[in-house]
Number of protein chains: 2
Amino acid sequence: MTQSSRSETIYYSLRRAIIEQALRPGMKLPEDTIGEQFGVSRTSVRNALVRLSAEGLVDVQPNRGACVAEPTLEEALDIFSLRRCLEREVANRLSRQITPAQLAKLEAHVREEQAALGSEGPLSMRLAGEFHILLAQLTGSRPLTRYVSEIVSRCSLILALYSRPHSSRCGLDEHRQIIEALRKGDPERAVAVMGQHIEAVEERAEIREHAEEPDVRAILGEYAKSA
Amino acid sequence: MTQSSRSETIYYSLRRAIIEQALRPGMKLPEDTIGEQFGVSRTSVRNALVRLSAEGLVDVQPNRGACVAEPTLEEALDIFSLRRCLEREVANRLSRQITPAQLAKLEAHVREEQAALGSEGPLSMRLAGEFHILLAQLTGSRPLTRYVSEIVSRCSLILALYSRPHSSRCGLDEHRQIIEALRKGDPERAVAVMGQHIEAVEERAEIREHAEEPDVRAILGEYAKSA
DNA sequence: CTCGTCAATATCGTATACAATTATCTTGCC
DNA sequence: GGCAAGATAATTGTATACGATATTGACGAG
């Protein structure tokens with residue numbers, strides 16, 4: 001929105017790059033390099049990194065710089081669990097207060113998802129995430145929106161780390177089901193449908209022990225024993 | 001913990017000052033002034049403010065500086081609602097996995113609360129909050145801990161804004177009840193007890209239309225009408 | 001040839017400086 | 001006396017500079 005200040009610009013750019021998996025987990029994020037790319041000084045970059053760190057999208061170690069966060073498998077499962085908790089709350093609230101205009105918005109978004117289904121770029125994945133953020137926004141709760149937004153972003157990291165490519169197919173039908181449940185105005189049903197959807201997303205992601213290398217020491221430890 | 005860097009020091013200091021209501025909602029937080037007080041430059045202060053802003057404890061407006069956040073009444077109720085959601089999740093998880101050692105820790109904390117009951121300073125209030133943060137920590141979930149921690153902090157803001165002084169009495173017995181429910185290992189009961197506790201906290205806070213002045217114009221508008 | 005020590009490099013943490021924006025005060029006018 | 005416009009002061013946004021810390025590679029002792 002207000003990308004007036006350079007810090008904001010850097011923040012949103014880095015955030016999008018991470019979510020779209022252009023910046024993959026573990027990648028170093030040196031302040032100098034980023035500053036050069038955007039034509040700004042380290043000062044602005046640092047502020048952006050501090051914010052991203054507070055959201056858990058990047059890890060910063062004192063005097064050692066920042067890198068895209070690499071959630072552990074444990075954290076990954078944890079985040080999905082928390083996501084289920086929060087999104088069920090979203091479904092619960094929305095099922096009690098949603099308006100026809102809001103339902104129309106959701107339907108429009110799903111149509112957009114449908115349209116983007118062909119181009120298997122990062123677009124489809126981003127739209128799937130934004131559907132959930134839109135849901136959160138419609139509750140009118142800023143804190144809830146923030147948390148859902150954060151969690152959904154971090155799920156991108158998790159998919160990048162622990163999921164086979166393309167294994168996260170977009171439950172487009174499930175999104176439609178959610179809309180229908182919300183339209184019905186039955187909280188219990190809406191919560192149940194949402195819970196199942198999140199579980200299905202997690203299921204399809206096939207989260208498993210590091211598709212990528214999570215920790216060098218853990219790997220080498222095994223080799224050291226057998227040596 | 002690691003208060004190595006000055007930014008960290010500032011961050012934790014400001015955070016505590018806000019939680020203990022030494023810095024009240026709406027107070028301006030000029031970078032220069034803070035920097036002078038701590039004997040550091042604005043650079044470090046800014047980083048701290050960015051973090052606090054990300055957590056919703058301070059509001060920063062571009063080119064106009066930072067001030068302690070003033071959640072609206074709507075946001076306040078919302079935050080309590082979200083708190084109930086998250087803390088029920090905490091209770092749910094803990095009731096399934098809690099260890100005797102952890103129970104002992106909780107009991108020790110409650111004893112500390114008991115001891116601090118006499119000195120009606122900010123200590124008692126802080127400990128009550130930290131009981132909930134401790135619960136979240138015991139789940140072992142970092143994201144959940146962070147969210148609970150944030151929400152509990154923001155509740156301090158809400159109490160400062162919308163609650164009568166001393167109206168937030170510390171449900172010490174309720175904390176003991178929670179521990180007992182967790183010891184039983186019955187998730188449903190634990191969740192219920194926790195939910196009731198949060199509701200009781202909200203109830204006792206007597207959250208209502210501005211105990212403090214929320215907006216000068218609103219007040220003067222009334223006077224203008226009757227003049 | 002291996003290991004430990006040390007220099008060189010890269011990167012971060014913080015302070016300072018300056019430009020840009022906003023707030024405050026003065027001044028002149030009605 | 002009240003109000004508007006301009007000047008001055010205060011505050012933020014950003015860049016640059018320098019010291020501190022960590023990493024890397026080289027060199028020499030064993």
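Letters A, B, ... mirror the listed sequences (proteins, then strands); counts begin at 1. Only this structure's heavy atoms are used, side chains among them; waters, hydrogens and symmetry mates stay out.
- Side-chain N/O atoms of B:R64 and base N/O atoms of D:dG13 include no donor-acceptor pair closer than 3.5 Å.
- In terms of position along DNA chain C, the nucleotide closest to A:G65 lies nearer the 5' end than the nucleotide closest to the other residue of the pair A:T43 and A:G65.
- Contact record, B:E75 with B:E70: OE1-O, 4.4 Å, taken as the closest heavy-atom pair.
- For the pair B:D32 CG and D:dT11 P, the interatomic distance rounds to 7 Å; values are reported in whole Å.
- The interatomic distance linking A:E8 (CD) with D:dG13 (C1') rounds to 12 Å, in whole Å.
- We find that CG of A:D59 is positioned 16 Å from C1' of C:dC12, with the value rounded to whole Å.
- Counting only N and O atoms by type, the side chains of A:Y11 and A:E55 include a donor and acceptor under 3.5 Å apart.
- The 5' end of DNA chain D is approached more closely, in terms of each residue's nearest nucleotide, by A:S7 than by the other of A:S7 and A:N63.
- Between B:E36 atom CD and D:dA10 atom P the separation is 12 Å, expressed in whole Å.
- Here D:dG13 presents its P atom at 10 Å from CG of B:L49, a figure rounded to the nearest Å.
- Distances were taken from every side-chain heavy atom of B:R46 (C-beta onward) to each of D:dG13, C:dC12, D:dT12; the shortest belongs to D:dG13.
- Counting non-hydrogen atoms of neighbouring residues, nucleotides and ligands closer than 6.0 angstrom, the CZ atom of B:R142 reaches no more than 12 such neighbours.
- When atom types are taken as modelled, the side chain of B:Q137 and the backbone of B:T145 share no donor-acceptor pair closer than 3.5 angstrom.
- For B:E31 and C:dA15, the CD to C1' distance is 14 Å, given to the nearest whole Å.
- Residue A:R42 places its side chain closer to C:dC12 than to any other of C:dC12, D:dA15, C:dA17.
- A straight line from OH of B:Y11 to C1' of C:dT14 spans 20 Å, rounded to a whole angstrom.
- Protein atom CD of A:Q61 is 22 Å distant from nucleotide atom P of D:dA20, rounded to whole Å.
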